[in-house]
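Input: a single structure, listed below in structure tokens.
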Protein chains: 2
Amino acid sequence: MTDASRPVTLSDVAKSAGVSLATASKAMNGREDVAESTRRRVLDAADRMDFTPNPAAQSLMANRSRTVGLLTSDLVGRFVMPVLMGAEDAFGAGRVDVFLCDARGDSVREQHHLRALVSRRVDGIIVVGSQTDSRPSLGQKIPVPVVYAYAPSDDPRDVSFTPDNRAAGRTAVEHLLALGKRRIAHISGERSYAAALDRAAGVQAALADAGVPLVGEPLFSEWSEQWGRDAMALLLQRHPDLDGVVAASDQLARGALETLRELGRDVPTDVAVTSFDNWEVLATQARPTISSIDFNLQDLGRAAARSIFDTLDGDPPAPGVRYFPTRLVIRGSSVARR
Amino acid sequence: MTDASRPVTLSDVAKSAGVSLATASKAMNGREDVAESTRRRVLDAADRMDFTPNPAAQSLMANRSRTVGLLTSDLVGRFVMPVLMGAEDAFGAGRVDVFLCDARGDSVREQHHLRALVSRRVDGIIVVGSQTDSRPSLGQKIPVPVVYAYAPSDDPRDVSFTPDNRAAGRTAVEHLLALGKRRIAHISGERSYAAALDRAAGVQAALADAGVPLVGEPLFSEWSEQWGRDAMALLLQRHPDLDGVVAASDQLARGALETLRELGRDVPTDVAVTSFDNWEVLATQARPTISSIDFNLQDLGRAAARSIFDTLDGDPPAPGVRYFPTRLVIRGSSVARR
DNA sequence: TATGGTCCCGAAAGGCCTTTCGACAGCACC
DNA sequence: GGTGCTGTCGAAAGGCCTTTCGGGACCATA
């Protein structure tokens with residue numbers, strides 16, 4: 001780490017190694033026409049002096065900033081952090097750095113950040129929504145590749161990565177069926193959310209395939225624990241014989257579990273429960289712990305980042321929405337604790 | 001927004017406005033010696049062509065990148081997101097952008113990111129820990145200002161901002177006392193955490209000041225809902241007459257509330273509860289909702305960012321740990337619901 | 001008309017790196 | 001000893017912006 005002095009420049013290194021600026025550059029960048037002994041001398045000098053090339057100068061040359069913008073409206077970081085980690089992985093930490101901008105759900109602020117990122121000459125932009133509903137496209141006139149993660153763009157010309165909520169719904173049901181449950185109900189959140197509808201569709205499709213009817217109708221209302229509690233109470237009253245519940249979020253599941261507990265139903269023996277999100281602070285602290293479907297957001301972030309790279313390398317992915325596989329994490333609510 | 005063509009350079013603008021490169025630059029930057037009519041012409045042209053200066057070239061000149069690094073180990077984003085927002089506010093969104101790097105609790109990765117940020121020539125670095133324990137300093141040899149947020153540095157020569165856990169503990173108790181509670185107990189997490197000790201110290205100090213004894217000893221164990229449940233059960237068994245509980249985190253409070261409910265104690269009438277973190281997904285979904293102490297992390301982030309600016313402007317803050325005021329958010333657990 | 005002063009403008013340098021291209025040394029071969 | 005090749009190196013330009021500084025136009029004054 002350099003101490004507070006002037007930052008070391010390549011010409012300092014060259015001088016110290018007794019070669020010309022050009023040779024030093026070639027030595028540093030592994031170009032061919034430099035003798036091995038010379039290269040060693042230069043690299044040693046660079047190392048000794050803690051030289052790192054000034055990225056501003058490099059950008060100026062290469063017309064690439066090795067920088068990516070992450071534009072989000074996810075205030076709590078629930079979705080954006082895993083995506084960020086995936087992106088870091090894809091780029092190889094340190095080779096590309098990520099500007100994180102939080103639009104706070106305000107489209108004016110979003111435009112503002114967008115302009116700033118473009119001015120910055122980022123090499124690409126990943127837009128991370130806070131729900132899986134499709135969101136307005138940023139348009140086609142942005143001079144760098146843009147990819148949408150979690151919330152897909154509403155313009156089919158854009159590239160989007162989003163969790164496969166339908167398949168996730170199937171998975172949840174199939175898991176319950178495999179446990180021998182046949183009286184399965186579905187508690188969901190706001191009907192206006194794509195996530196709610198897609199998960200419900202997956203649930204119903206899987207049940208239909210198995211020839212097992214859904215118990216009652218899917219119950220939509222809001223994404224809260226309170227609704228989870230109330231919905232569960234309602235279900236038990238109408239269908240005392242149910243033995244499985246798919247809750248559309250961990251919050252709903254927590255509420256449902258509370259009601260089940262209060263009404264004396266054992267989970268998972270009497271009623272098994274699965275849900276979505278795998279939000280650890282909720283799923284692993286409940287009684288029992290909650291089986292939940294994880295959206296592999298880190299993988300999703302990695303894929304999004306990679307697609308930006310591919311586009312830059314002239315190999316753009318086909319436009320459209322890519323539905324990303326999910327993964328069931330089994331916990332106490334759907335398997336007997338030992 | 002420029003379409004995919006070559007990015008517009010200042011000389012393009014100058015040509016279009018019929019002035020020299022230098023004049024265009026001066027017009028853009030509000031320098032004095034350019035006629036008002038000329039300036040207007042240049043600005044119009046720049047606007048029309050969607051010109052934004054290439055930051056690489058600017059950095060090269062100014063030796064400032066208008067870029068800050070946020071180095072964190074907070075995987076879930078619970079703390080880093082508010083700090084990021086505060087920093088964006090302090091810098092004025094768009095004028096300075098933030099590189100977010102996640103070290104994932106790995107000190108090797110942290111060093112790696114640190115080197116990358118320094119190579120990037122960021123103007124400053126904000127280090128965000130995931131707990132309020134002091135953390136190893138990054139050292140004094142970093143060529144840009146460094147400030148520690150949430151987790152203070154263990155080196156008193158560094159500048160740190162951390163929540164005032166002690167004062168927060170006092171606040172929690174004083175609130176309960178103001179409600180008329182006199183039999184107050186304290187449930188905490190891992191004793192090895194500074195947050196646990198500081199909050200407990202504040203709790204005890206406030207009680208001592210009021211001449212009210214703490215009920216039992218503070219109960220330390222782990223930061224989980226399960227411990228919250230167990231600790232509450234233990235307390236009620238030993239001290240059936242208690243009427244107030246300070247839980248050291250929202251997770252603990254949730255557990256405590258569950259036990260209280262199961263044992264038929266009304267909250268807040270029989271027993272009032274307060275806690276720390278104000279993690280909305282926990283605090284606002286519990287039965288009843290939880291009064292909790294918010295750490296004003298956004299303000300804290302703003303202060304941290306500003307201190308970097310001040311340092312750059314030659315006005316560095318005094319080194320040491322700054323304890324940041326907190327704020328009680330009152331909810332159902334400590335006030336009768338209407 | 002010459003002189004001095006004001007305004008504005010533009011040529012050029014500087015910041016740091018990469019790349020091209022030409023130069024030069026050394027060697028082998030005829 | 002000349003010719004041509006290979007292998008190594010360095011001068012210089014280019015990328016984009018800002019700043020310095022000198023010069024030109026214009027006006028007013030003597």
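So that the names make sense, note that chain A is the first sequence line, chain B the second, and so on, each numbered from 1. Computed from a predicted model, the values in this text were never measured in an experiment.
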Residues within residues 12-19 of chain B bordering DNA chain D, heavy-atom distance below 4.0 Å: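 Listed by number, there are none.
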Consecutive Watson-Crick or G-U pairs in runs of at least 3, all under 3.5 Å, in which DNA chain D is involved: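 Consecutive-pair runs (3 or more) involving DNA chain D: C:1-30 with D:1-30.
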Side-chain donor-acceptor pair present, B:Arg121, A:Thr52, cut-off under 3.5 Å: yes
Quickly work out the [X] [atom1] to [N] [atom2] distance and round it to whole Å.
{"X": "A:Arg64", "N": "D:dC16", "atom1": "CZ", "atom2": "P", "answer": "16 Å"}
{"X": "B:Asn54", "N": "C:dC17", "atom1": "CG", "atom2": "P", "answer": "16 Å"}
{"X": "B:Arg121", "N": "C:dC17", "atom1": "CZ", "atom2": "C1'", "answer": "11 Å"}
{"X": "B:Leu60", "N": "D:dT18", "atom1": "CG", "atom2": "C1'", "answer": "11 Å"}
{"X": "A:Asn63", "N": "C:dC17", "atom1": "CG", "atom2": "C1'", "answer": "14 Å"}
{"X": "A:Leu10", "N": "D:dG10", "atom1": "CG", "atom2": "C1'", "answer": "13 Å"}

Pairs satisfying ring-ring contact (aromatic ring centres under 6.0 Å, His included), at least one member in residues 11-50 of chain B, at least two apart: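 Every pair satisfying ring-ring contact (aromatic ring centres under 6.0 Å, His included) with a residue in residues 11-50 of chain B: there are none.
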Contacts of A:Arg327 that satisfy salt bridge (charged side-chain N to carboxylate O under 4.0 Å, His left out) - sequence neighbours left out: A:Asp294
Donor-acceptor pair, side chain of A:Asn54 and main chain of A:Ala56, under 3.5 angstrom: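 Yes; judged by distance alone, with no hydrogens or angles, the pair exists.
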Separation between CG of A:Leu21 and OG of A:Ser11, rounded to the nearest 0.5 Å: 6.0 Å
Just list the side-chain donor-acceptor pairs under 3.5 Å for residues 308-323 of chain A, sequence neighbours left out, or say none.
from: A:Thr311; atom 1: OG1; to: A:Ser307; atom 2: O; distance (Å): 2.7
from: A:Arg322; atom 1: NH2; to: A:Ala318; atom 2: O; distance (Å): 2.5

Lys/Arg N to Asp/Glu carboxylate O, A:Arg135 vs A:Glu110, below 4.0 Å: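 Yes, this pair counts.
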Check ion pair B:Asp44-B:Arg41 (N to O, under 4.0 angstrom): no
Reading 5' to 3' through nucleotides 19-27 of chain D, protein heavy-atom contacts under 4.0 Å coded B for base, S for sugar-phosphate only, - for none: BB-------
Partner set under ring-ring contact (aromatic ring centres under 6.0 Å, His included) for A:Phe99, not counting sequence neighbours: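 Only B:Phe99 meet the ring-ring contact (aromatic ring centres under 6.0 Å, His included) criterion with A:Phe99.
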For [X], give me all partners under side-chain contact (heavy atoms from CB on, under 4.5 Å), at least two apart in sequence or on another chain.
{"X": "B:Ser107", "result": "none"}
{"X": "B:Ala45", "result": "B:Val13, B:Ser16, B:Ala17, B:Arg48"}
{"X": "A:Asp74", "result": "A:Thr72, A:Val76, A:Arg78, A:Phe79, A:Val80, A:Ser130"}

In residues 152-163 of chain B, what donor-acceptor pairs under 3.5 Å come from side-chain atoms, sequence neighbours left out?
from: B:Ser153; atom 1: OG; to: B:Asp155; atom 2: N; distance (Å): 2.9
from: B:Ser153; atom 1: OG; to: B:Asp158; atom 2: OD2; distance (Å): 2.6
from: B:Asp154; atom 1: OD1; to: B:Ser137; atom 2: N; distance (Å): 3.0
from: B:Asp155; atom 1: OD1; to: B:Arg157; atom 2: N; distance (Å): 2.8
from: B:Asp155; atom 1: OD1; to: B:Arg157; atom 2: NE; distance (Å): 3.1
from: B:Asp155; atom 1: OD2; to: B:Gln140; atom 2: NE2; distance (Å): 3.2
from: B:Asp155; atom 1: OD2; to: B:Arg157; atom 2: NE; distance (Å): 3.3
from: B:Asp155; atom 1: OD2; to: B:Arg157; atom 2: NH2; distance (Å): 2.7
from: B:Asp158; atom 1: OD1; to: B:Gln140; atom 2: NE2; distance (Å): 3.0
from: B:Asp158; atom 1: OD2; to: B:Ser137; atom 2: OG; distance (Å): 2.5
from: B:Ser160; atom 1: OG; to: B:Ser153; atom 2: N; distance (Å): 2.9
from: B:Thr162; atom 1: OG1; to: B:Tyr150; atom 2: O; distance (Å): 2.5

Close residues, residues 37-47 of chain B, relative to DNA chain C [heavy-atom separation under 4.0 Å]: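 The stretch gives B:Thr38 as the residues lying under 4.0 Å from the strand, ordered by number.
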side-chain N/O B:Gln58 vs D:dT18 OP1/OP2, d < 4.0 Å: yes
